[in-house]
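Accompanying notes for the structure given below.
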Amino acid sequence: MSRYHPLLVALHWLLAIAILVALFMGTFSLAETPNSDPNKIFGLRGHMSVGISILVLMLIRVITRFASTRPPKVETGNALIDTAGSVAHVGLYVLVFAMCISGLALANLAGLPGIVFGGYGTLPADFSEYGPRAVHGIIAKLLMALVLLHVAGALYHQFIRKDGLIRRMWFGNRKS
Ligand code: HEM
Ligand code: HEM
């Protein structure tokens, strides 16, 4: 098997975009907008919709990952780098799920489903009094660091090792 399942490939790139959007918008727009700003609800509506979509797509991705055949683990000849690659992949799954769960916990504690989607009630002055808010912010930073490492790893394979690894995460004949 020379490539990942096409559904896993589609989900990898769709989720990569959605996760990067959630990270950027969350950090540079949502967290910077005070809850008293009338536009905050729109930002939250977008962010929560993207976040919940990420959770649903991640669940489909995990099922597809275990139900499909995957290409063999890449070997660079350096056991440390190989292990780091595997740990990073598991870590990406764990951190993305942790973002979704802490986001949902925060939203529920602050009554956001009703306020943001139902149109009743008002936003709390800010979210800092809710424990999951800090967790969500810290995990976001860890996820950013791991995504950077992951992309650096992909570039290392592509341009230094020149082993064409990126093809495994693209569509095409899976047998060759
Ligand atoms: C992978 C999924 C997600 C990512 C990458 C993400 C990312 C972020 C980031 C980067 C921030 C700003 C953190 C900071 O700078 O301290 C944030 C804030 C927030 N997120 Fe998420 N998030 C995700 C899922 C969710 C979900 C599922 C919900 C709720 C349904 C949610 C609700 C919130 C809320 C309420 C805030 C606080 C905004 C504020 O302080 O004004 N997030 N998110
Ligand atoms: C945006 C730039 C990105 C690039 C260039 C990239 C590249 C790749 C490549 C080439 C592979 C295949 C590795 C192999 O053959 O073993 C891969 C796998 C993987 N990527 Fe990415 N990726 C990116 C973003 C992301 C993001 C944002 C996430 C999640 C937060 C992610 C999560 C994963 C995971 C978990 C795997 C392992 C395969 C699996 O089990 O699904 N990637 N990536």
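Excluded from the calculations below are hydrogen atoms, water molecules and symmetry mates; all remaining heavy atoms, backbone and side chain alike, are included. Please read all numbers here as calculations on a predicted model, not as lab measurements. Order of appearance sets the numbers: ligands from 1, and atoms from 1 within every ligand.
Shortest contact from atom 38 (C) of ligand 1 to any protein heavy atom: Leu30 CG, 3.7 Å. Atom 32 (C) of ligand 2 has as its closest protein heavy atom Leu92 CD1, 3.4 Å. Scanning all protein heavy atoms for the shortest distance to atom 16 (O) of ligand 2 gives Tyr4 OH, 3.0 Å. Of the protein's non-hydrogen atoms, Arg133 NH2, 3.5 Å is the one closest to atom 14 (C) of ligand 1. In terms of protein heavy-atom proximity, atom 34 (C) of ligand 1 is closest to Leu106 CD2, 3.6 Å. For atom 13 (C) of ligand 2, the nearest non-hydrogen atom of the protein is Leu165 CD2, 3.7 Å. Among protein heavy atoms, the minimum distance from atom 19 (C) of ligand 1 is reached at His136 CD2, 3.4 Å. In this structure, atom 10 (C) of ligand 1 lies nearest to the protein heavy atom Thr27 OG1, 3.3 Å. Counting only heavy atoms of the protein, atom 12 (C) of ligand 1 lies nearest to Gly26 O, 3.3 Å.
Ligand 1 does not have Leu55 within reach: every non-hydrogen atom of the residue lies 4.0 Å or more from it. Lys40 counts as a contact of ligand 1, since one of its heavy atoms falls under 4.0 Å from the ligand. Taking a 4.0 Å cut-off on heavy atoms, Arg61 registers as neighbouring ligand 2.
Close approach of ligand 2 to Ile166 is summarised as follows: ligand atoms under 4.0 Å from at least one heavy atom of the residue are 10 (C). Near Leu112, with a cut-off below 4.0 Å to any heavy atom, the atoms of ligand 1 are 35 (C). In the vicinity of Met99, heavy-atom distances shorter than 4.0 Å reach the ligand 1 atoms 1 (C), 2 (C), 3 (C), 4 (C), 6 (C), 7 (C), 8 (C), 22 (N), 24 (C). Counting atoms of ligand 1 from 1 in the listed order, those under 4.0 Å from a heavy atom of Ala140 are 10 (C). Residue Leu104 approaches ligand 1 through these ligand atoms, each under 4.0 Å from one of its heavy atoms: 29 (C), 30 (C).
Counting only non-hydrogen atoms, the option in Arg167, His150, Arg168 that gets closest to atom 7 (C) of ligand 2 is His150. The option with the heavy atom closest to atom 3 (C) of ligand 2, from among Tyr93, Trp13, Phe66, is Trp13. The option from Arg65, Met58, Met169, His89 that lies nearest to atom 11 (C) of ligand 2, judged by heavy atoms, is Met169.
Only the side chain of Val151 comes within 4.0 Å of ligand 2, counting heavy atoms alone; its backbone N, CA, C and O stay farther away. Under 4.0 Å from ligand 1, heavy atoms of Ala22 appear from its side chain as well as its backbone. Looking at Asp126 against ligand 1, nothing comes within 4.0 Å, counting heavy atoms. When heavy-atom distances to ligand 1 are checked against a 4.0 Å cut-off, Leu44 comes that close only through its side chain, counted from C-beta outward. By the criterion of a heavy-atom distance under 4.0 Å, neither the backbone nor the side chain of Leu155 is placed next to ligand 2. Counting heavy atoms closer than 4.0 Å to ligand 2, residue His157 contributes nothing at all.
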